[in-house]
Colleague: 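Provided herewith is a single structure, encoded as structure tokens, for subsequent inquiry.
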2 protein chains.
Amino acid sequence: MVIRLDNITKVFKQKKLKLTPQRIAVYKYLQSTTAHPSAETIYKSLQADYPTMSLATVYKALKTLVEVDLVQELNVGEGNFRYDATVASHPHICCLHCHVVGDIEGITFDGINKDVQDYTDFDVYSNQVYFYGVCSTCKEEVLKK
Amino acid sequence: MVIRLDNITKVFKQKKLKLTPQRIAVYKYLQSTTAHPSAETIYKSLQADYPTMSLATVYKALKTLVEVDLVQELNVGEGNFRYDATVASHPHICCLHCHVVGDIEGITFDGINKDVQDYTDFDVYSNQVYFYGVCSTCKEEVLKK
DNA sequence: CTGTGTGCAAAGCATTTGCAAAATA
DNA sequence: TATTTTGCAAATGCTTTGCACACAG
């Protein structure tokens, strides 16, 4: 896993946003994981290294990162948001048992926004695709019982 | 729009759930609209006819209807849930400007759960597909300015 | 009649906001 | 130095819960 900070540096400079340790920490953490953590999870994960950072700051950092399109917000239907430092559109898959959220690479929906735009009277800009099922770990657990 | 109560009657009898006026009202209302209302909207819409029904009862009725698969819960990412009496899997399209949520009929993703199941190590049961854009009404409003 | 559902108010989470102090550019 | 951002606590919004009374089966 390669952590890149050149993009956050460039974008923040261009948008005249301040590059604080807190914002960098949140962005680095999101780049280091494929777990699609919630704000709470990010907060807890960073507490060891940033003990004074507050949960409100995590929320504010995430909001800023989403606004400048360095991070995307996911809503798998659990009542909270999850975050992903991969902003390119890609489907996600959620385990109904352990609530893990994974990326699906290889299957893309490129061109489908255009199809939907032609089919409806909307201008279509983006989409979110979520699959729901049971992951391999949870399948095994069920078998053991 | 045809309102059908035979399904709720059958399912509730089979699951030994009580068929109360409140539950019927919520289900009838959802069948009468394509607006994908929130609990709050359903509550307000039913207040004229059911002035004593509480918001908590609307939530409880919705939870029950979702559990017995007569209604599906949507989460377009606005921070609340919306409800749809059409339980067959179909994509939704959301206006980023006025937040209207529409159904997309005609484009289906049948078979794709199987593709994803073969591609990942999950058993895949369902999916949710959301498109985001600007509806025709909002496009016109923007032009007027 | 029995157990489930309703209505009310209070509680519970996730997220946002206001504001003084601190830190970036 | 001038803003912007942080951290704290309080506030907000959506949803759930507990409990006494009412009602469907």
Side-chain angles (χ1 to χ4, degrees), chain A residues 5 8-27 29 36-47 49-68 70-83 99 101, chain B residues 5 8-27 29 36-47 49-68 70-83 99 101:
Chain A
L5 296 180
I8 189 174
T9 307
K10 200 177 80 182
V11 170
F12 273 44
K13 185 165 285 176
Q14 185 193 310
K15 305 244 174 177
K16 295 192 161 63
L17 293 164
K18 293 184 177 173
L19 208 54
T20 65
Q22 293 88 340
R23 285 168 167 182
I24 294 170
V26 170
Y27 188 54
Y29 180 71
H36 308 85
S38 65
E40 184 79 35
T41 305
I42 297 168
Y43 170 65
K44 283 181 184 156
S45 305
L46 294 176
Q47 255 181 347
D49 287 338
Y50 299 84
T52 63
M53 176 162 52
S54 73
L55 180 56
T57 297
V58 173
Y59 275 107
K60 288 170 186 168
L62 287 168
K63 195 181 181 189
T64 304
L65 289 164
V66 169
E67 277 166 4
V68 301
L70 285 168
V71 163
Q72 73 169 307
E73 203 170 55
L74 305 183
N75 201 318
V76 303
E78 286 177 341
N80 62 0
F81 289 101
R82 284 164 168 262
Y83 297 89
H99 302 111
V101 177
Chain B
L5 296 181
I8 190 175
T9 306
K10 199 176 79 183
V11 170
F12 273 44
K13 185 165 288 176
Q14 185 194 308
K15 304 244 173 175
K16 294 191 161 65
L17 293 165
K18 294 187 175 171
L19 207 54
T20 65
Q22 293 88 338
R23 286 169 165 181
I24 293 170
V26 169
Y27 187 55
Y29 180 72
H36 308 86
S38 65
E40 184 80 34
T41 304
I42 297 167
Y43 170 66
K44 284 181 184 158
S45 305
L46 293 176
Q47 256 182 343
D49 286 338
Y50 299 83
T52 63
M53 175 162 51
S54 74
L55 180 56
T57 297
V58 173
Y59 274 106
K60 287 169 186 169
L62 287 168
K63 195 180 182 189
T64 304
L65 289 164
V66 169
E67 277 166 5
V68 301
L70 285 168
V71 163
Q72 73 168 307
E73 201 168 56
L74 304 182
N75 200 320
V76 302
E78 286 177 341
N80 61 3
F81 289 100
R82 285 164 167 262
Y83 298 88
H99 302 110
V101 178

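Atoms considered below: every heavy atom in the structure, side chains included; atoms not considered: hydrogens, waters and symmetry mates. Remember, predicted model here, so these are calculated numbers, not experimental data. Every chain is numbered from 1, with letters handed out A, B, ... down the list of sequences.
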Colleague: Check the distance between C:dT6's P and B:Y43's OH and give it to me in whole angstrom.
Modeller: 14 Å
Colleague: Nearest whole Å is fine: how far is C:dT6 P from B:L62 CG?
Modeller: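 The answer, rounded to whole Å, is 11 Å.
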Colleague: Write down the atom of A:A39, the atom of A:L55, and the distance for their closest heavy-atom approach.
Modeller: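 Scanning both residues completely, I find the closest heavy atoms to be O-CD1, 4.0 Å.
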Colleague: Using the C1' atoms of the five pairs at each end, what is the angle between the end axes of the helix from C:dC1-D:dG25 to C:dA25-D:dT1, to 10°?
Modeller: 40°
Colleague: Just how far, in rounded Å, is C1' of D:dC14 from CG of A:N75?
Modeller: 13 Å
Colleague: Between B:Q72 and B:V66, does a side chain to side chain contact (heavy atoms under 4.5 Å, CB included) hold up when you go through it step by step?
Modeller: CA-CA 6 Å; B:Q72 73 168 307; B:V66 169; over 6 Å; no
Colleague: How close or far is atom C1' of C:dC8 from atom CE of B:M53, stated in whole angstroms?
Modeller: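 Going from CE in B:M53 over to C1' in C:dC8 covers 15 Å.
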Colleague: Taking the side chain as every heavy atom from C-beta outward, state whether A:L5 and A:Y27 have any atom pair closer than 4.5 Å.
Modeller: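 Contact flag for A:L5/A:Y27 side chains = yes.
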Colleague: OH of B:Y50 versus C1' of C:dG7: gap in Å, rounded?
Modeller: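 In whole Å, C:dG7 C1' and B:Y50 OH are 16 Å from each other.
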Colleague: Counting primed atoms plus P, OP1 and OP2 as sugar-phosphate and everything else as base, spell out the protein contacts along nucleotides 12-25 of chain C at 4.0 Å heavy-atom distance: B, S or - for each nucleotide, 5' to 3'.
Modeller: --SBBBB-----BS
Colleague: Taking the side chain as every heavy atom from C-beta outward, state whether A:N75 and A:N80 have any pair of such atoms under 4.5 Å apart.
Modeller: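 No, every pair of side-chain atoms sits at 4.5 Å or beyond.
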Colleague: With sequence neighbours left out, write down each residue that passes side-chain hydrogen bond (donor to acceptor under 3.5 Å, both in side chains) with A:Y43, or none if nothing qualifies.
Modeller: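 So A:Y43 forms a side-chain hydrogen bond (donor to acceptor under 3.5 Å, both in side chains) with A:Q47.
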Colleague: Can you measure A:K13 atom NZ to D:dT4 atom C1' for me and round it to whole angstrom units?
Modeller: 17 Å
Colleague: Atom NZ of A:K16 to atom P of D:dT5: distance rounded to whole Å?
Modeller: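 Between P of D:dT5 and NZ of A:K16: 13 Å.
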Colleague: Are any of the side-chain heavy atoms of A:T64 and A:F12 separated by less than 4.5 Å?
Modeller: yes
Colleague: Please give, in whole Å, the distance from C:dG5 P to B:Y27 OH?
Modeller: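 Answer to the nearest Å: 18 Å.
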Colleague: Over all heavy atoms of both residues, which pair between A:Y29 and A:S45 is shortest? Give the atoms and the distance, please.
Modeller: OH-OG, 3.0 Å
Colleague: I want to check one thing: is the phosphate of C:dG7, taken as OP1 and OP2, less than 4.0 Å away from some side-chain N or O of B:T57?
Modeller: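 Answer is yes, contact under 4.0 Å.
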Colleague: Are any of B:Q22's side-chain N or O atoms less than 4.0 Å away from OP1 or OP2 of D:dC23?
Modeller: no
Colleague: If I compare all heavy atoms of A:Y50 with all of A:P21, which pair ends up nearest, and what's the gap?
Modeller: CE2-O, 4.2 Å
Colleague: In the structure I gave you, are the side-chain heavy atoms of B:R23 and B:L17 within less than 4.5 Å of one another anywhere?
Modeller: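 The answer is yes, as the side chains (C-beta and beyond) meet within the 4.5 Å cut-off.
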